[in-house]
Structures are given as C-alpha cells and as structure tokens.
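Single-structure report; data block below.
Lettering of chains follows the sequences in order, A, B, ..., and the numbering in each one begins at 1. Because only heavy atoms are used, hydrogens play no part in the values below, and waters and symmetry mates are left out as well, while side chains stay in.
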Number of protein chains: 2
Amino acid sequence: MTTPDFPETASGAEGPGREIPPASLARLPIYLRALNAMLADSVERVSSEELAEAAGVKSAMLRKDLSYLGSFGTRGVGYDVQFVSHKISALLGLTQEWRVAIVGAGNLGRALARYSGFTTRGFEVVALFDADQGIVGTQVGWLTVSHVDDLETELKRTGTNMAVLSVPAVVAQELCDRLVAAGVTSILSFAPVVLQVPAHVQVRKVDMGTELQILAYHAQRAQEAEPGSRARSAQ
Amino acid sequence: MTTPDFPETASGAEGPGREIPPASLARLPIYLRALNAMLADSVERVSSEELAEAAGVKSAMLRKDLSYLGSFGTRGVGYDVQFVSHKISALLGLTQEWRVAIVGAGNLGRALARYSGFTTRGFEVVALFDADQGIVGTQVGWLTVSHVDDLETELKRTGTNMAVLSVPAVVAQELCDRLVAAGVTSILSFAPVVLQVPAHVQVRKVDMGTELQILAYHAQRAQEAEPGSRARSAQ
DNA sequence: TCATGTGAACGTGTTCACAGCT
DNA sequence: AGCTGTGAACACGTTCACATGA
C-alpha cells in the first residue's frame, strides 16, 4: 500500500496547500462513509447525483466540495469510488493512526472507550482517565483507567495526539488547560461549557443538551401550528 | 427537479413567532447556559459584551441573536439576566416537559439514560429500548429496558414526544421509520448514517466519528506546517 | 451525449458602525 | 455619557446553469 504524496501542491510555492472551507470539510466524512459503504458493496463508479443522494445533499454541492480536493471525476461517467475514498481519507489525515485519550471515565467516557466507531476509523483509544479512586484501576474494554493525576505522564508515554473530554462541566476548563499544556492540540469536548483555548488548539464540541433544545424549539412550533392539537396554546 | 415555486412569506408573519435563523437558534442554548450560570451566581444584569464573552461570540452577534426574540435590553444598561433566561427558555419550549425515549441500550444508550444533563433541563427519559434479550428487562437508572418489539405500544403509553437513536448504523433507518410511523417528529440520532425522513420530522445528528475526522484534518495540517512534529511537551 | 467542474447568482450569516433610547 | 438595536457592508455558503471535455 503506497501512500502517494501530494503532487498537486504545485500551485503554491510553499504553504500548506489550499484551505478547505469549513462547511465543505464537515461534509467530507459523510461522503467518505457513503463511499466506503459502496466499496463494501463492490460499487466501482458513482455519479455526483448518486453520491449526493446517499449523503443527503444536492449534487452541485457535492461536486463543488470534491472540487476543493482536486478534479478527479470523469466527465460523462462519474467518480471512481475507491479513488475518491482514498483521496478524502488522505486529506482528512486518516492514513495515519490517531492516538486518543479519553479524559473522564464516567458513564459517557466508558461508553466512548468501548465504542467501536472510533477504532474502526483510524482512531485508537490509548488512555482513559478519571479522578474517582473507585474507577481508577478498573478495566474498560482493553484499557485500565488511569488516575488523572498521571495525565501528563501517561499522555507522553502513550503518544497521545488527540483527546476526548467527557468530564463534568465544572472541571472541564481546568482539564482542558492541562491537556493544552501537555501539548494536545485537538480536543473533542462533551462538556456543556465554552472552552477557552489558544488559537492553535482545535476544539470541537458535542452537546446533546443543545441538540435537544433545538429539537424542542421546532417541536413546540409544530405543536402550535397543528390544528388537531387543542388547548396547547400557551400564552 | 423540484420547481422552486415555494411561496415565500407563506406563514403570515403576524403570529407571535417569526422564524429564528438556524444559526442564531443554535446559539440560544449556549446563551441560556451562560445566563443560568450567572443566575446561580446572583448576577442580575449583564451587558452584551459580558454575555458574548461568556458564550464565546462577538457582542454584535449576540445582540442580533437576541433581537430575533424581541428587544428587551435597556440601552445604556444591559440585559436583565433572569428575564432573558426566561425568554429563551420559553422560545425553546423548555417550559414544558419533553418525554424522551432512547432507542438502543448499548454502551452509549445506557450512558445517555443515566446522563443527568438530560433530566436537569426539561427533558425526561421515559423509555429505553433494545433488541437484545440479554439487555431487555435489566435496570438502567430508574428505567427498565423494554423490548424494541413493544416500541409503538410503549411510546404511546409513556407519551413520548422525542426520541434518541443510539443503535447500530445498519438498523438505524428501520427504527427511525418506526419512530416516525409512531408519530415521533423529533429525533436525535447518534447513528453514523444519513436518515431519510419526511419533511415534518426534525432530525439532529451527533456524530463523534465525523468530529474526530475534522479534528484529524486540522491536526495533520498543523503537523505538516510544523518542522519538528515531535511532541516534546515543553511545559 | 453524458456528467463533471465552475463562474455567477442568490441566499444566509457575521461584522461594522452608528442612530436612538435611557 | 453608555449600551442596545439595527441597517448596511461584507463574508461565506449554496444553488443554478452551462461550458468543458471524455
């Protein structure tokens, strides 16, 4: 398996290549999933229309998104599934292993540690931390829970380069600071707080509370608009 | 394909509710959290500058966001914390109880069922389903896991009006269809698939795999830009 | 002929800067 | 004065429509 370097960096004399617009970037993993599902079904070619359908987007948007990584479709034919899949994987950096530490081994942290969706996509959970002595030392999947006091040591030992924060909101900023100080520059946070980090650190947030509240807004609106539902008119 | 003869201003803008732009709507829960934290600290007034800081946004954006729900700040002074908090809560429909069913009682589903972040914000988990006979009947928090065969019956009995999907990708669409058929119109999905639903059903997706892949993109980029990619972790 | 790739149009989101109110 | 609320400018994202090239 040869890892092709990027021959098409010719446009820029130096510099890290073109930036992918954030909105497009966020869709690439979805395309990748659809493509890999097709690969599993031995589909070799796909049109923008078909792939867009599978990804739940308009075909023009898909074509524009893919055009940011180069133009490797064949006019009149479509895209080579395997090639595009590989291209997206390479762009996302999935050709290397990412070593992920999970900080916080509560219900959520333990569930994440056992979540197969991580491992199967180039992410390996290599450490799991908690502050609770009743949890430290216990086994979760293949991992033994470490004490958060050993955070810095263990991160170095395991070569962690990404972290998942699944700790209570009150301690999230503090642990985030420690992760950053230890050199972690990519953090996925499940804590319902706004984390302050230096500019070079990437934080992505997953917030189930927020998502439910957004759903509640729409649900309430639908309720009010519905003719069938009686006496629900708050006011 | 679809002819864009959508009648704009279809819904008479007369009602108490204009549409909140999606981007603004997604930030309201964050403001709400910041406001509630302030309330807990007995803060009575806040300026757009301060609240924006707490929410991690620019003050002009915060003011514009709040302006969609009305204008209830005092010029020269700021906003009444309690009042704005209540206003946002009401808009999001958090003044009523939302009854949530969790479909899929694997690692993630069970963690979500025990997650206190739900209960504390107007969302009550009232049902938990799984297809695995080894899990059905077991206790998770205050709930007993029901068999997914009884989905429709239990949804009706519990008065569920929101659902969380935490099932394997392969069965997600099928269960989504059953939820929709049973009248559920708000679904939060953790399954890494694009769900097809009728237009009146709201789906929000949480995808940890996608988030990690986006992080990987940035991390790889930083790696390439940096000459010494060895994480020596110098304090 | 076909489906991609893309300039241009359109729509949405964010920021600026200041008018207007307290 | 001080801070909100908002039009206008700007930036970003999406869609259209067609030129391009297999």
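Rounded to an integer number of Å, the gap from CE of B:M61 to C1' of D:dA11 is 13 Å. Distance CG (A:D65) to P (D:dC12): 16 Å, rounded to an integer number of Å. For the pair B:I20 CD1 and C:dG13 P, the interatomic distance rounds to 12 Å; values are reported in whole Å. B:K58 has its NZ atom 18 Å from the C1' atom of D:dC3, to the nearest Å. Note: CD (B:E50) to C1' (D:dG2) measures 13 Å, nearest angstrom. The interatomic distance linking A:L62 (CG) with D:dC16 (C1') rounds to 16 Å, in whole Å. Residue B:L51 contributes atom CG, which lies 14 Å from atom P of D:dC3 at whole-angstrom precision.
Heavy-atom distances under 4.0 Å link DNA chain D to A:P21, A:P22, A:A23, A:R27 of residues 21-31 of chain A, given in residue order. Taking every heavy atom of residues 194-216 of chain A and every atom of DNA chain C, no pair lies under 4.0 Å.
For A:E211, the salt bridge (Lys or Arg N to Asp or Glu O under 4.0 Å) partners at least two apart in sequence or on another chain are B:R204. With sequence neighbours left out, A:S67 forms a side-chain contact (heavy atoms from CB on, under 4.5 Å) with A:K64. When the ring-ring contact (aromatic ring centres under 6.0 Å, His included) test is applied to A:Y31, no partner is found at least two apart in sequence or on another chain. With sequence neighbours excluded, no residue satisfies side-chain contact (heavy atoms from CB on, under 4.5 Å) with A:E53. Evaluation of the salt bridge (Lys or Arg N to Asp or Glu O under 4.0 Å) rule for A:R27 yields A:D65 as partners, not counting sequence neighbours. Considering only residues two or more places apart in sequence or on other chains, B:R178 meets the salt bridge (Lys or Arg N to Asp or Glu O under 4.0 Å) condition with B:E152. The side-chain contact (heavy atoms from CB on, under 4.5 Å) check on B:E50 picks up B:V46, B:S47, with sequence neighbours excluded. Residues meeting the side-chain contact (heavy atoms from CB on, under 4.5 Å) test with A:A34, sequence neighbours left out: A:L51, A:A54.
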- If a protein heavy atom is under 4.0 Å from the base, mark B; if only from the sugar-phosphate, S; if neither, -; do that for nucleotides 1-8 of chain C going 5' to 3'. -BBBBBBB
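Each ring-ring contact (aromatic ring centres under 6.0 Å, His included) pair with one or both residues in residues 32-85 of chain B, not counting sequence neighbours, appears once here: B:F72-B:F83.
You'll find the side chain of A:R221 reaches within 4.5 Å of the side chain of A:Y217, heavy atoms only.
The environment of B:Q82 atom CD is sparse: at most 12 non-hydrogen atoms of other residues, nucleotides or ligands sit within 6.0 angstrom.
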